[in-house]
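This report concerns only the one structure given below.
In what follows, chains are A, B, ... by sequence order, proteins preceding strands, each numbered from 1.
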Amino acid sequence: DAKTTQPPSMDCAEGRAANLPCNHSTISGNEYVYWYRQIHSQGPQYIIHGLKNNETNEMASLIITEDRKSSTLILPHATLRDTAVYYCIVRVAHAGGTSYGKLTFGQGTILTVHP
Amino acid sequence: DTAVSQTPKYLVTQMGNDKSIKCEQNLGHDTMYWYKQDSKKFLKIMFSYNNKELIINETVPNRFSPKSPDKAHLNLHINSLELGDSAVYFCASSLGLAGVEQFFGPGTRLTVL
């Protein structure tokens, strides 16, 4: 699986949009970009994923650059409960290989939302 | 309703002991995982099972033995516990090996003294 690079920490004011960047310059054509987050003392939680098109769900939006070498997770109106570690992960989503199904977590970005 | 549950939540034990952590999911998933999060907060996969069959074994010491009695359960037994085994262990499940979303349990904090 491709390696990802994220800033170690970011701050955001409550009610503002939080934009979390991720670089994955070695991503392969069959690898998806996934975002998970881990709120303190809890298990990781899936947020969103995409291949090459921008995606939006009730939690966030995912913007993937045209060359797919980077992406941005957008929390449109951050709340205090969004304070967490955010992980950007690239993963092959097809059968076979030893990486099948495996999520490889990096260090992530610690997002702190302040009042 | 708890989707993925783990017991116990906390486990404190002495070096050399044997202990087990249990995991159950009520989501109807066929794939389950064990992850380890160490003191530096790195989260790494240990094992995955699909339909009770071992799929991924990430060079984990053979003191760790997962057991899947059925698709809804994946237990982790650890023999001869060492100080370095202290960590938070997370169970997860998904629908299929390529399941988009893995659902994680609340974690079991293991402390080896």
Q. For A:His40, what residues pass the side-chain contact (heavy atoms from CB on, under 4.5 Å) criterion, not counting sequence neighbours?
A.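 Counting only residues at least two positions away or on another chain, A:His40 forms no side-chain contact (heavy atoms from CB on, under 4.5 Å).
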Q) Do A:Tyr36 and A:Tyr87 have their ring centres less than 6.0 Å from each other? A) no
Q: Could you tell me which residues satisfy ring pair (Phe, Tyr, Trp, His ring centres under 6.0 Å) with A:Tyr86, sequence neighbours excluded, listed by chain and number?
A: none
Q: State which residues pass ring pair (Phe, Tyr, Trp, His ring centres under 6.0 Å) with B:Phe103; sequence neighbours excluded, sorted by chain then number.
A: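 For B:Phe103 the ring pair (Phe, Tyr, Trp, His ring centres under 6.0 Å) partners, ignoring immediate neighbours, are B:His29.
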Q) Which of residues 74-82 of chain B have a heavy atom under 4.5 Å from any heavy atom of chain A? A) none
Q: Give, as side chain, backbone, both or neither, the part of B:Gln6 having an atom under 4.5 angstrom from any heavy atom of chain A.
A: neither
Q.
So for B:Lys44, is it side chain, backbone, both, or neither that comes closer than 4.5 Å to the heavy atoms of chain A?
A.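 For B:Lys44, no heavy atom lies under 4.5 Å from chain A.
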Q) With distance as the sole test, does A:His24 use its side chain to make a donor-acceptor pair with the main-chain N or O of A:Arg68 at under 3.5 Å? A) yes
Q. Is there a donor-acceptor pair under 3.5 Å between the side chain of A:Thr65 and the backbone N or O of A:Ser70?
A.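 Such a contact is found between A:Thr65 side chain and A:Ser70 backbone.
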Q: May I ask you to decide whether B:Arg63 forms a salt bridge with B:Asp18, counting only side-chain N to carboxylate O separations under 4.0 Å?
A: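 Result for this pair is no, no salt bridge flagged.
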